[in-house]
Amino acid sequence: MSIAHNLGFPRIGARREMKRAVESYWKGDLDETGLRATGRELRARHWRLQVDAGLDLVPVGDFTWYDHVLDMSVLLGVVPQRFGDVHGSTSVAGGRMPGATAVTGEVDLKTYFRMARGRAPGDKAGSADTYACEMTKWFDTNYHYIVPEFSADQAFRLASSKLFDELAEAKAQGLCAKPVLVGPLTYLWLGKTRGAAFDKLALLDKLLPVYGEILARLKSEGVEWVQIDEPILVLDLPQEWKDAFGVAYQQLQGSGVKLLLATYFGALADNTGVACGLPVDGLHIDLVRAPQQLGAVLNQLPDSKILSLGVVDGRNIWRTDIEKVLVMLEGVKERLGDRLWIAPSCSLLHTPVDLALETKLDEEFKSWLAYATQKVAEVVAVRDGVDHGRSGIGTLLDASRAAVQSRATSKRIHRPAVKERVAELATNADQRHAVYAERARQQREKLKLPLLPTTTIGSFPQTQAIRIARRDFKAGRIGEAEYNERMRQEIALAVRKQEEIGLDVLVHGEAERNDMVEYFGELLDGYAFSENGWVQSYGSRCVKPPIIFGDVSRPQPMTVEWTTYAQSLTAKPMKGMLSGPITMLQWSFVRDDQPRSATALQIAFALRDEVLDLEKAGIKVVQIDEPALREGLPLRHADWAEYLRWAAHAFRVTAGAVRDDTQIHTHMCYAEFNDIIDSIAALDADVITIETSRSDMELLDAFVNFSYPNEIGPGVYDIHSPRVPTSDEIVRLMEKAARVVPADRLWINPDCGLKTRDWPEVETALANMVSAAKTLRDRLAG
Ligand code: GLN
Ligand code: ZN
């Protein structure tokens with residue numbers, strides 16, 4: 001019999017119980033005992049559900065209060081020194097010696113949350129300088145992990161009993177538990193170094209004994225299998241890191257537990273030899289993202305080892321094509337026998353919990369989907385199909401076949417007019433007529449903007465009035481006419497304030513948008529919205545991505561009325577504001593029955609019509625936001641060029657049809673631009689606004705080294721901070737920018753949208769921006 005298992009279950013709970021409990025704990029409404037009770041209940045429920053579905057091994061240690069990488073840091077005693085003084089059991093009389101081991105004893109829950117968010121319940125605001133650890137994206141997902149911080153003299157020690165406590169819980173429930181750990185190399189890789197630069201890999205020797213201790217303890221508690229996640233094996237690794245795998249696993253071999261080395265999110269490719277050769281008992285590979293790797297792995301995997309195949313998509317919400325999986329596994333079962341295990345491609349953490357809670361999606365639509373609960377059943381069905389043939393899994397197989405059939409033929413999904421239009425795209429549809437220099441000349445003539453024009457990125461504060469209007473409208477307490485009227489009032493307010501402040505290019509303020517992707521998704525055909533499709537983004541924060549299920553088209557204009565209304569209130573140019581095709585794609589669940597590039601292009605065409613309609617309605621400046629362009633980059637460098645090619649193409653299709661004197665802006669933020677700067681230039685936007693204030697204009701270096709050809713607005717106002725920049729600071733930042741970009745190609749603007757700020761601070765900051773612009777213009781003139 002093959003083993004059916006899972007790599008991880010979502011922790012948030014079907015009704016986001018984890019979020020609610022943690023947030024009440026933070027507020028002081030729930031004590032630690034209450035919080036822990038919720039955790040126990042969620043774990044028990046999720047384990048039970050997986051066992052009842054028929055899994056042979058259930059993951060333990062996948063539950064967390066915030067993040068599993070943070071859990072690992074705490075387990076390994078990697079607690080930055082600044083958190084050492086803040087809880088009782090660790091304070092050292094007479095202050096802390098530099099370089100001293102920060103924490104001794106068990107790391108408590110408060111320290112845990114201080115690491116995650118800078119504070120814990122009961123902390124006096126600003127009393128401790130315990131700024132939170134950094135957070136960044138987990139591989140190419142929208143899940144964020146807490147970045148481990150290593151000092152050169154970093155010590156490691158077993159500092160948490162959480163994993164063992166949860167194991168005891170699972171055992172008490174009679175479960176066959178498989179503890180899950182982030183492997184030592186992936187853990188080191190994900191961390192950052194503090195202080196003088198040093199090689200993280202040098203810490204491996206000190207780290208391994210603690211892993212050894214953990215494994216030995218798991219062994220002594222009766223564990224047979226441990227899943228050790230090493231997803232960095234799907235990345236381009238330096239040779240020293242590849243070599244380190246052999247050293248590390250050689251050393252962990254003696255613990256007595258069996259290790260299942262889990263890789264996911266891509267192909268092992270050049271790391272296949274390394275992964276297959278390690279002295280571990282099993283290997284898991286992702287066949288959803290990288291089905292092509294199966295042959296190579298089968299050829300290189302020694303006969304003694306288990307091969308776990310990830311065949312159910314852990315990153316998306318579509319129902320598995322079970323027949324297709326069974327066909328793929330036919331020869332494999334013969335070859336491996338019971339050494340074949342079946343699993344989802346990766347942890348199910350990236351999928352919502354239970355489709356059964358969706359009451360508003362119709363039955364046909366629901367028949368196309370599977371959330372984590374359904375995916376667990378699919379894993380079991382595949383295993384049963386592999387072991388006993390198709391007859392035993394009739395019901396699920398039939399449902400899967402029917403879904404495949406209906407998705408292949410549904411008129412809701414496939415709309416020939418959309419496909420034809422994309423196919424007929426003239427090859428130059430993604431080119432502006434004239435080159436930038438000529439466009440800039442025409443735009444200067446038409447827009448008559450001053451040197452160093454001032455503008456904002458789009459959104460203005462989402463006030464209480466806006467939230468109330470939206471809530472009342474959703475609840476049916478006010479009609480559409482009343483809602484629209486209230487939004488118009490907000491727009492009028494935003495325009496009036498911008499005129500008073502004296503900005504040069506105005507925006508309507510995006511009052512009518514609760515979210516930049518959801519807003520457009522709701523107006524486009526081919527998009528659907530779930531009620532409960534929540535996934536964890538970071539900590540207690542969950543997002544509910546829209547679902548792109550079919551060919552995308554625009555039934556009618558989406559922003560023209562709002563934008564022209566705003567334009568009617570001012571003689572200054574009003575900037576139309578759209579979310580770009582790659583961002584629309586990146587922040588949604590995307591259909592898996594055609595390449596992402598094809599879906600992006602359909603969205604681009606829908607947006608292209610919107611851009612043209614705005615132009616026709618007299619709008620002279622249109623901004624197409626692409627904050628997610630960078631995060632769509634593939635994990636392997638070899639795949640970058642192809643992605644950047646189609647992504648830039650989709651952007652240019654969106655923007656390419658306008659007249660030369662219509663000015664196209666784009667906006668990006670919170671990403672590294674250095675390595676994709678040539679593709680950013682290839683978008684050929686007339687103006688790009690980027691976030692730079694936090695890095696004191698350092699991000700601009702990318703644009704300078706490359707000598708970016710068009711106009712740039714480097715952000716001068718950190719919109720994440722309540723701090724209002726002074727006019728002098730803005731002058732200083734812009735002078736720094738002007739040393740590297742000619743002043744006649746510079747704009748002045750905030751880092752990003754202002755929706756999370758309040759009006760008083762926004763008004764002061766923008767007024768300071770405008771006064772800085774005046775100072776700079778005078779200086780440049782004089
Ligand atoms: N136009 C959007 C806004 O101002 C851009 C948001 C973003 O970059 N994430 O809110
Ligand atoms: Zn932004």
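Just follow the structure's listing: the first ligand is 1, and inside any ligand the first atom is 1.
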Next on the checklist: Only to 10 degrees, please: what angle do the SG atom of C752 and the NE2 atom of H667 make about the Zn ion (ligand 2)?
Outcome noted: 120°
Item to check | For atom 6 (C) of ligand 1, closest protein heavy-atom neighbour | outcome: M516 SD, 3.5 Å
Item to check | Element-labelled atoms of ligand 1 that are located less than 4.0 Å from some non-hydrogen atom of G458 | outcome: 4 (O)
Checklist entry - What's the shortest distance from atom 2 (C) of ligand 1 to any protein heavy atom, and which residue and atom give it? => result D625 OD2, 3.3 Å
Checklist entry - Within the distance-only criterion (no hydrogens, no angle test), does the side chain of S537 pair as donor or acceptor with the backbone N or O of Y143 below 3.5 angstrom? => result no
Checklist entry - If you look at every heavy atom in A628 and I582, which pair is closest and at what distance? => result O-CG2, 4.3 Å
Checklist entry - Is it true that the side chains of Q663 and H665 contain a donor and an acceptor less than 3.5 Å apart? => result yes
Next on the checklist: Are more than 12 heavy atoms, taken from residues, nucleotides or ligands other than E561, located less than 6.0 Å from that residue's CD atom?
Outcome noted: no
Item to check | Close N or O approach (K755, ligand 1; < 3.5 Å) | outcome: no
Checklist outcome for this item: Tightest non-hydrogen contact, residues N768 and S727, listed as O-OG, 3.6 Å
Item to check | Atoms of ligand 1, numbered as shown, that sit under 4.0 Å from any heavy atom of H667 | outcome: 8 (O)
Checklist entry - Which ligand 1 atoms are under 4.0 Å away from a heavy-atom of G753? => result 3 (C), 4 (O), 10 (O)
Checklist outcome for this item: re atom 10 (O) of ligand 1, the protein heavy-atom contact at minimum distance is S459 OG, 2.8 Å
Checklist entry - What is the nearest protein non-hydrogen atom to atom 7 (C) of ligand 1, stated with its residue, atom name and distance? => result C752 SG, 3.6 Å
Checklist outcome for this item: Given the options V505, V495, I491, V621, M574 meets side-chain contact (heavy atoms from CB on, under 4.5 Å) only with V495
Checklist entry - What atoms of ligand 1 come closer than 4.0 angstrom to any heavy atom of I457? => result 1 (N), 4 (O)
Checklist entry - Is the closest basic N to carboxylate O distance between D639 and R636 below 4.0 Å? => result no
Checklist entry - Which atoms of ligand 1 are found less than 4.0 Å from any heavy atom of C669? => result 8 (O)
Checklist entry - Is there a donor-acceptor contact under 3.5 Å linking the side chains of Q462 and R470? => result yes
Next on the checklist: Using a 4.0 Å heavy-atom cut-off, which part of M668 comes near ligand 1: side chain, backbone, both, or neither?
Outcome noted: neither
